[in-house]
**Student:** 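My questions will all concern the structure given below.
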Amino acid sequence: MKARIKIISFLFLLPLLCASDSAFYPSGKGLAAASDEPRVQFHIVAIEEKGTERRTLSETTVEGPAGTDFNVELQDGRFSLVARFLTDLLSPEALKVRARLNTRRLYGRSEKELPLYEEDTQNETLQLGFDEKIILLPFGRGGDERLLIEITPTLSEKSARLASGGLRPLEIEIGRQSPGGAISVKASKTPHRFVVEAVLLEDGREVARAEAPYLIEEARELLLQPVGDASPAVLQHPLAINLTLSEYSMTRTADQISLGFDLYRRDAQHESVRAAIAQKWAGIAELGRDLTYELSNSFPNAQGKKYELRFKVKLAAEEKAAR
Amino acid sequence: MDCEFTEKVSLLLDAELPPEDALLVTEHISTCTACRQAQDDFLRLRREIKAYEIQPQPPFAQAGMLARILNSEKLPLWRRSVSIPVPLMILLLAIIVGLGVWAATLRRASGLAQSNGAPEKATPVKALPSQTEVVEGEGLDFSHYDHGERAAIYKVRRNASAAHTATDSRQ
């Protein structure tokens, strides 16, 4: 009798156990997809290709929060490559990868026996799906024997948070080290997304403003719109700022970021007409604090009024959430 | 020559061994490489001495000749000497000293021109071919991949074949 009850109970529970398997033991992928803090993994493999033969020289995996950046570096006696990759997760299916390739090649020697180098810089932006991979050819496409670096992104299955509740740090796993460390990979995680607020002050009063989201190391134009009782000079000639943020640094008492900009005066009647007021201006802003530039000497038709341009750079909401 | 019979080989060749010993040594030579080599050497030496005996020489000259034959192995380069007539030697020394003085004068003149602030003559840059400039580094040597081309970057579908360039999709 007892055995029969056990068998019936087991048969009753069996479908429940099968059905609830995914609920009790959700796959990592499910976790990652459900998480608001996705993590991305980059599998970086250096391969020597001779005809149809392929030989793996080095293998590294970088795993970290969305927005993890990494460098792939090659170095021998006469050639060096620093390939910097800034990555941003655009959606659960797509990444934006901004690559900057700096190469330096010993070209020969001068009459004075000084070394001559051939240097090159390239910037490429790739929109990348998770069913795609990046191919980097440090020495170009030619030749029977070539070196290629494959970078394959995947959504990580690791949870964003540790058991303690803290953010899981980024991880670098070296599967195979290249001989002599000639190929190396570095990775880091710094904020990429910011909001920039720009305000034009006339004798201390706000007369024009603009606010826009910014991605680090990507130029974007801010168009200041007149507000309140702006003077005719401001109304007829609104300002445009071509601004780039770069070099985020974590410091006390507040984190800092470099900004560089060109300032133009537009013609309200003719959009295409612009006159430069300031070019290649730069500064270092503390996050959340004002950075002010005196414009009185540069501003046309100032007529004795004091003009100031005030910036405030803040972390974007998604960056705050990920801290 | 580390066989105990080697000395008897010489006696055998000089017919100074009793018949029993001679037979024993002869049999031994047929099986011992060292003694066979010694026999060959003794016979060769004897032939060479006989060849010199054709011309009558004073005893001391014969002894010297014999010593030369016995030491006829090749001398190493550092032990060899060359005899040069004294006038030729003086001439060679004079040429070497003259070249040294001429090089020093040239260098001094060049240094003076630079220290006086004279504008350095612009020399065209001579770029040697990169193949000749390989500097050995540790680890991988990338020179066999390098054909002077510019680096390239692109994306491909993950299941794309090794012929990546066919599906090149540069942004």
Side-chain angles (χ1 to χ4, degrees), chain A residues 46 48-49 51-52 54 57-58 74-81 83 97 99 101-103 105-112 114-116 118 120 122 124-143 145-152 178-183, chain B residues 102-171:
Chain A
E48 181 188 71
E49 209 174 64
T52 55
R54 283 161 70 88
L57 300 176
S58 74
L74 271 70
Q75 176 82 54
D76 77 352
R78 57 181 299 277
F79 179 85
S80 72
L81 162 76
V97 178
L101 312 180
N102 287 309
T103 57
R105 178 186 274 124
L106 182 64
Y107 181 68
R109 290 197 174 268
S110 70
E111 292 281 0
K112 299 282 183 191
L114 296 172
L116 299 171
E118 184 183 74
D120 184 34
Q122 293 182 63
E124 289 285 344
T125 300
L126 303 169
Q127 303 273 349
L128 201 66
F130 284 103
D131 56 346
E132 294 175 311
K133 62 184 174 184
I134 296 172
I135 304 292
L136 169 61
L137 299 167
F139 302 99
R141 297 159 194 261
E145 192 175 346
R146 61 182 190 168
L147 179 71
L148 59 94
I149 293 167
E150 290 186 356
I151 301 165
T152 309
S178 65
I183 302 169
Chain B
W102 180 62
T105 312
L106 276 181
R107 181 168 287 189
R108 191 160 171 270
S110 167
L112 278 174
Q114 285 184 15
S115 63
N116 288 340
E120 196 177 329
K121 191 181 173 186
T123 51
V125 169
K126 180 186 74 177
L128 303 179
S130 57
Q131 285 80 359
T132 64
E133 289 293 329
V134 174
V135 178
E136 291 298 330
E138 288 182 1
L140 279 176
D141 174 18
F142 296 124
S143 59
H144 52 291
Y145 308 120
D146 195 357
H147 306 285
E149 286 188 35
R150 196 179 194 207
I153 187 168
Y154 55 92
K155 65 176 183 178
V156 291
R157 291 268 167 211
R158 263 193 221 179
N159 54 3
S161 66
H164 299 296
T165 47
T167 54
D168 183 349
S169 56
R170 186 176 273 220
Q171 289 288 302

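Chain letters run A, B, ... following the sequence lines, proteins first and then strands; every chain starts at 1. Predicted model only: the values in this text are computed from it and were never measured.
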**Student:** For chain B, which candidate among A:Ile151, A:Ile183, A:Ile149, A:Leu147 shows the most heavy-atom pairs at distances under 4.5 Å?
**Tutor:** A:Leu147
**Student:** Hey, what do you get for CZ (B:Arg157) to CD (A:Glu132), rounding to the nearest 0.5 Å?
**Tutor:** 4.5 Å
**Student:** So does B:Tyr154 get a backbone contact from the side chain of A:Glu124, meaning a donor-acceptor N/O pair under 3.5 Å?
**Tutor:** no
**Student:** Minimum heavy-atom separation for A:Glu145 and B:His147, please, with both atom names.
**Tutor:** O-NE2, 4.2 Å
**Student:** Kindly give the heavy-atom pair with the smallest separation between B:Ser143 and A:Asp76, and that separation in Å.
**Tutor:** N-OD2, 4.0 Å
**Student:** B:Ile153 and side-chain contact (heavy atoms from CB on, under 4.5 Å): which single residue from A:Leu101, A:Leu137, A:Val97 fits?
**Tutor:** A:Leu101
**Student:** Looking at chain B, which one of A:Leu136, A:Leu57, A:Leu114 has the largest number of heavy-atom pairs inside 4.5 Å, strictly under?
**Tutor:** A:Leu136
**Student:** Please report the interatomic distance NZ(B:Lys155) to CG(A:Leu126), rounded to the nearest 0.5 Å.
**Tutor:** 7.0 Å
**Student:** Got a second to check how far A:Phe139's CZ is from B:Tyr145's OH, nearest 0.5 Å?
**Tutor:** 8.0 Å
**Student:** So for A:Asp131, is it side chain, backbone, both, or neither that comes closer than 4.5 Å to the heavy atoms of chain B?
**Tutor:** both
**Student:** Residues two or more places apart in sequence or in another chain: which of them pass salt bridge (Lys or Arg N to Asp or Glu O under 4.0 Å) with B:Glu149?
**Tutor:** none
**Student:** Under a 4.0 Å threshold between the charged nitrogen and the carboxylate oxygen, would A:Arg78 count as salt-bridged to B:Asp146?
**Tutor:** yes
**Student:** How would you list, by chain and number, every residue that makes a side-chain contact (heavy atoms from CB on, under 4.5 Å) with A:Ser80, sequence neighbours excluded?
**Tutor:** A:Gln75, A:Arg104
**Student:** So which heavy atom on B:Ala152 is nearest to which on A:Arg141, and how close?
**Tutor:** CB-NE, 4.0 Å
**Student:** Measure the spacing between CZ of B:Phe142 and CG of A:Leu74 and express it to the nearest 0.5 Å.
**Tutor:** 4.0 Å
**Student:** With side chain to side chain contact (heavy atoms under 4.5 Å, CB included) as the test, would you mind laying out the steps for B:Arg150 and A:Asp120 before giving the verdict?
**Tutor:** CA-CA 8 Å; B:Arg150 196 179 194 207; A:Asp120 184 34; 2.7 Å; yes
